[in-house]
Q: 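Okay, handing you the structure first.
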Amino acid sequence: MARAIYPGSFDPATYGHLDIIRRAAALFDEVIVGVLNNSAKSPLFSVEERVNILENITKDVPNVAVTSFSGLSVNFARSCNAKVIIRGLRAITDFEYELQMAQTNRVLAQDVDTMFLTTSLEYAYLSSTTVKEAAYFGADISKFVPEYVVRKVEEKYRRNPAG
Ligand code: ADP
């Protein structure tokens, strides 16, 4: 059984993330999306909310599971019995950081490999940060994120207009 994890912040998940999830799900028997519980960042959505969003937008893909984790991705991979970490590469700006992380992970865990999927061109510019910024200033974000996520982001900014 070939299993992969797809770790990230997903604050919130965008069509870019969803594209990577679907394509990874076509390559592996099972893909476990891992929402990183990172105390250093102050996210818009709690870990539970991000897991809920991902579960909702991936419910039509049967071999995808969503969970949260803390600590190292390689340890999360091992705990899932997965040999592969999936990451998405958007542009050259992602490359240096991603390469460094993949190499570090490789030294930490020789039994786990990182696989990069290049972004579909239509989503190459998308990031959770720019989506939040656009929403904060009242822009229509329905081209960037699924309808369910549009609603969740709008709810956040309505309830907490200071951001
Ligand atoms: P992190 O904080 O770990 O970078 P993100 O949620 O920003 O978490 O991203 C998780 C993964 O998804 C990363 O590998 C990132 O490069 C990838 N990713 C982010 N946005 C896109 C996109 N628009 N298209 C494809 N992959 C993306």
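Index from 1, following the sequence. Both counts, for ligands and for their atoms, begin at 1 and track the order of listing. In what follows, every heavy atom counts, from backbone to side chain, and hydrogens, waters and symmetry copies are set aside.
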Q: Looking only at N/O atoms, are Ser127 and ligand 1 under 3.5 Å apart anywhere?
A: no
Q: Which option wins on minimum heavy-atom distance to atom 5 (P) of ligand 1: Arg87, His17, Arg23?
A: His17
Q: Just need the protein heavy atom nearest to atom 16 (O) of ligand 1, so name the residue and atom and give the distance.
A: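 Of the protein heavy atoms, Gly88 O, 2.5 Å lies nearest.
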Q: Side chain, backbone, both or neither: which part of Tyr15 has a heavy atom under 4.0 Å from ligand 1?
A: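 For Tyr15, there is no contact with ligand 1 at all, from either part.
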Q: Look at atom 20 (N) of ligand 1 and say which protein heavy atom is nearest, naming residue and atom and giving the distance to 0.1 Å.
A: Arg90 NH1, 3.3 Å
Q: In the protein, which heavy atom is nearest to atom 17 (C) of ligand 1, and how far is it?
A: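 Checking every protein heavy atom, the shortest distance to atom 17 (C) of ligand 1 gives Tyr6 OH, 3.6 Å.
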Q: Just jot down the ligand 1 atoms closer than 4.0 angstrom to any heavy atom of Gly8, in number order.
A: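 With Gly8 as reference, the close atoms of ligand 1 come out as 3 (O), 8 (O), 10 (C).
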Q: Do me a favour and list the nearest non-hydrogen protein atom to atom 8 (O) of ligand 1 with residue, atom name and distance?
A: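 Answer for atom 8 (O) of ligand 1: Ser9 N, 3.0 Å.
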Q: List the steps and the verdict of side-chain contact (heavy atoms from CB on, under 4.5 Å) for Asn105 and Val112.
A: CA-CA 8 Å; Asn105 284 340; Val112 179; over 6 Å; no
Q: When you check the gap from the basic side-chain N to the acidic O, do Asp113 and Arg106 get nearer than 4.0 Å?
A: yes
Q: Does an N or O anywhere in Pro7 fall below 3.5 Å from an N or O of ligand 1?
A: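 Among all N and O atoms of Pro7, none is under 3.5 Å from an N or O of ligand 1.
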Q: Would you say that Thr67 contacts Val51 through its side chain, given a criterion of any heavy-atom pair below 4.5 Å between the two side chains?
A: no
Q: Kindly say whether Arg3 contributes a backbone atom to a donor-acceptor pair with the side chain of Asn81 at under 3.5 angstrom?
A: no
Q: Tyr123 heavy atoms, cut-off 4.0 Å: which ligand 1 atoms fall inside?
A: 22 (C), 23 (N)
Q: Under a 3.5 Å distance rule, please check whether Ser120 uses its side chain to pair with a backbone N or O of Glu122 as donor and acceptor.
A: no
Q: Based purely on interatomic distance, does Ser128 place a nitrogen or oxygen under 3.5 Å from a nitrogen or oxygen of ligand 1?
A: no
Q: How far is atom 6 (O) of ligand 1 from its nearest protein heavy atom, and which residue and atom is that?
A: Phe10 N, 2.8 Å
Q: At under 4.0 Å between heavy atoms, which part of Ile20 makes contact with ligand 1: side chain, backbone, both or neither?
A: side chain
Q: Decide if atom OH of Tyr125 counts as having more than 12 heavy atoms of other residues, nucleotides or ligands within a radius under 6.0 Å.
A: yes
Q: Among all protein heavy atoms, pick the one closest to atom 25 (C) of ligand 1 and tell me residue, atom and distance.
A: Thr119 OG1, 3.2 Å
Q: Please examine the side chains of Ile85 and Pro7, heavy atoms only from C-beta on, and report whether any two atoms are closer than 4.5 Å.
A: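 They are in side-chain contact.
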Q: By the definition side chain to side chain contact (heavy atoms under 4.5 Å, CB included), identify the one residue from Lys152, Lys132, Arg50 that meets it with Leu44.
A: Lys132
Q: Please state whether the rings of His17 and Tyr6 are parallel, tilted or perpendicular, taking 30° and 60° as the class boundaries.
A: tilted
